[in-house]
2 protein chains.
Amino acid sequence: MPNNQFKKGELYSFITGKASTAIARRLQKKFNTAQLNLTIEQWSVLYHLWKQDGISQQELCNATFRDKPSITRLVDNLEKLKLVKRVSSKEDRRMNMIYLTAEARKMQEVSMELAEETLNEALTGVPEDQVEICKGVLQIVYDNLK
Amino acid sequence: MPNNQFKKGELYSFITGKASTAIARRLQKKFNTAQLNLTIEQWSVLYHLWKQDGISQQELCNATFRDKPSITRLVDNLEKLKLVKRVSSKEDRRMNMIYLTAEARKMQEVSMELAEETLNEALTGVPEDQVEICKGVLQIVYDNLK
DNA sequence: TTTGGATAGTTGTTTAACTAACTATATGCC
DNA sequence: GGCATATAGTTAGTTAAACAACTATCCAAA
């Protein structure tokens with residue numbers, strides 16, 4: 001028997017992701033205010049490179065949950081901004097390994113602080129145990145559908 | 001004192017809305033399979049018109065959490081698909097009232113069933129009380145940031 | 001009654017997502 | 001070795017979001 005928790009009136013915001021849209025908009029505004037010339041999507045790519053530099057575009061696809069054309073263009077734009085460099089792999093010449101520039105490395109600290117700040121604003125007034133439950137539910141949703 | 005529940009490694013999926021992206025993609029695939037020629041964004045506009053027909057573009061902005069140019073273009077495309085009609089208001093000639101066509105009215109039942117089906121798939125294995133908590137947290141997040 | 005501000009909607013530009021079709025390289029099998 | 005297939009990445013076309021600048025209409029106060 002499927003769960004039928006969703007009355008029609010409540011289904012909308014779950015599908016449209018109003019909460020995560022609001023979070024992303026708030027973070028984008030903070031980037032703009034801080035003169036950080038970076039879109040949230042570009043930041044999400046840098047985020048994974050900060051964790052591990054020199055990974056392939058395919059690995060960025062998996063990490064960011066985006067398809068190959070999206071990553072191609074994000075890397076194009078990040079390259080134009082001189083924040084990453086494509087280096088074609090010597091072991092497998094089909095692959096581009098993506099490396100951060102010094103410029104991009106400098107952006108990590110500020111942007112991560114703004115991201116944490118945004119989440120703290122978003123979660124003001126939410127008890128910690130409920131945040132944990134919410135994270136768990138969203139993880140299951142993702143696993144169910146991926 | 002701000003909540004500091006977010007370790008850096010966990011912050012990413014909250015901001016990028018992986019769960020809601022996955023839900024929207026799954027629903028879009030169901031639309032395509034069902035030969036329902038409709039994007040999720042277009043569906044989200046129809047959703048509110050099914051609840052109340054003949055509202056203004058500004059009201060659609062508020063309901064769908066989108067800005068005016070986005071709604072202008074969504075209505076443009078829905079008009080091309082002959083799913084809605086713009087009728088300029090007689091009381092206030094600045095306003096367009098948006099009306100569903102018979103064609104669009106026919107799409108409500110099928111598309112809503114697919115949406116509910118998608119959410120049931122997404123929430124498989126999640127206890128009902130946790131879904132409620134999650135919905136509550138996302139609502140607070142939205143209210144905190146809007 | 002005119003003028004100035006507010007509101008409703010449109011247009012242009014940039015960035016991104018999705019699909020499909022494409023090129024280049026690698027790999028495994030005959 | 002040569003061919004089929006899979007994998008990595010790119011390109012093209014459509015839809016959408018965000019922002020800024022714009023037009024048209026309404027309304028209220030001088």
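Within every chain, numbering begins at 1; the chains are lettered A, B, ... in the order of the sequence lines, protein sequences first and strands thereafter.
- Distance B:Asp67 CG to C:dT7 C1': 15 Å, rounded to the nearest Å.
- Comparing atom distances between the A:Met95 side chain and each of D:dA12, D:dA17, D:dA8 picks out D:dA8 as nearest.
- Side chains of A:Arg94 and A:Ser89: no donor on one and acceptor on the other come within 3.5 Å.
- One finds a side-chain N or O of B:Arg66 lying less than 4.0 angstrom from the OP1 or OP2 phosphate oxygen of D:dA17.
- Position along DNA chain C of the nearest nucleotide to A:Lys80 versus A:Arg73 favours A:Lys80 as the more 5'-ward residue.
- Using a 4.0 Å cut-off between a side-chain N of Lys or Arg and a carboxylate O of Asp or Glu, A:Glu121 and A:Lys30 qualify as a salt bridge.
- Distance CZ (B:Phe65) to P (D:dA16): 18 Å, rounded to an integer number of Å.
- If you check every strand for non-hydrogen atoms under 4.0 Å, A:Asp76 touches nothing.
- Atoms CD (B:Glu59) and C1' (C:dG9) sit 14 Å apart, rounded to a whole Å.
- Using modelled atom types, one finds no donor on one side chain facing an acceptor on the other under 3.5 Å when comparing B:Glu116 with B:Asn120.
- Straight-line distance from the CG atom of B:Asn62 to the P atom of C:dG9: 10 Å, rounded to whole Å.
- At a cut-off of 3.5 angstrom, the base of C:dG9 holds no donor-acceptor pair with the side chain of B:Arg86.
- Side-chain contact between B:Met107 and B:Trp43 is absent, with no heavy-atom pair separated by less than 4.5 Å.
- Within 4.0 Å of A:Asp92, counting heavy atoms only, lie sugar-phosphate atoms of the nucleic acid but no base atom.
- Close to C:dA16, at under 4.0 Å from its OP1 or OP2, lies a side-chain N or O of A:Gln42.
- Using a 4.0 Å heavy-atom cutoff across all strands shown, B:Asn96 reaches sugar-phosphate atoms only and no base atom.
- The separation between B:Gln58 atom CD and C:dA6 atom C1' is 12 Å, rounded to whole Å.
- No contact: B:Ile71 has no heavy atom under 4.0 Å from any strand.
- Across D:dT11, D:dC26, C:dT11, the shortest atom-to-atom separation from the side chain of A:Thr72 is found for D:dT11.
- Residue B:Glu41 contributes atom CD, which lies 9 Å from atom C1' of D:dA17 at whole-angstrom precision.
- At D:dA18, one or more side-chain N or O atoms of A:Arg25 fall inside 4.0 Å of OP1 or OP2 (strictly under the cut-off).
- Atom CD1 in B:Ile55 sits roughly 15 Å away from atom C1' in C:dG9 (whole-Å rounding).
- When heavy atoms are screened at a 4.0 angstrom cut-off, A:Thr39 is found touching the sugar-phosphate backbone but no base atom.
- Of the listed residues (A:Asp76, A:Asn77, A:Val75, A:Val45), just one forms a side chain to side chain contact (heavy atoms under 4.5 Å, CB included) with A:Val84, and that residue is A:Val75.
- With contacts defined as side-chain heavy-atom distances shorter than 4.5 Å, the pair B:Leu46/B:Leu38 qualifies.
- The side chain of B:Arg94 lies closest to C:dA6 when the candidates are C:dA6, D:dA8, D:dC19.
- If you find the closest nucleotide of DNA chain D to B:Ile40 and to A:Gln28, the one lying nearer the 5' end belongs to B:Ile40.
- Residue contacts shown for B:Arg93 are limited to sugar-phosphate atoms, with no base heavy atom under 4.0 Å away.
- Note: NZ (A:Lys68) to C1' (D:dT7) measures 6 Å, nearest angstrom.
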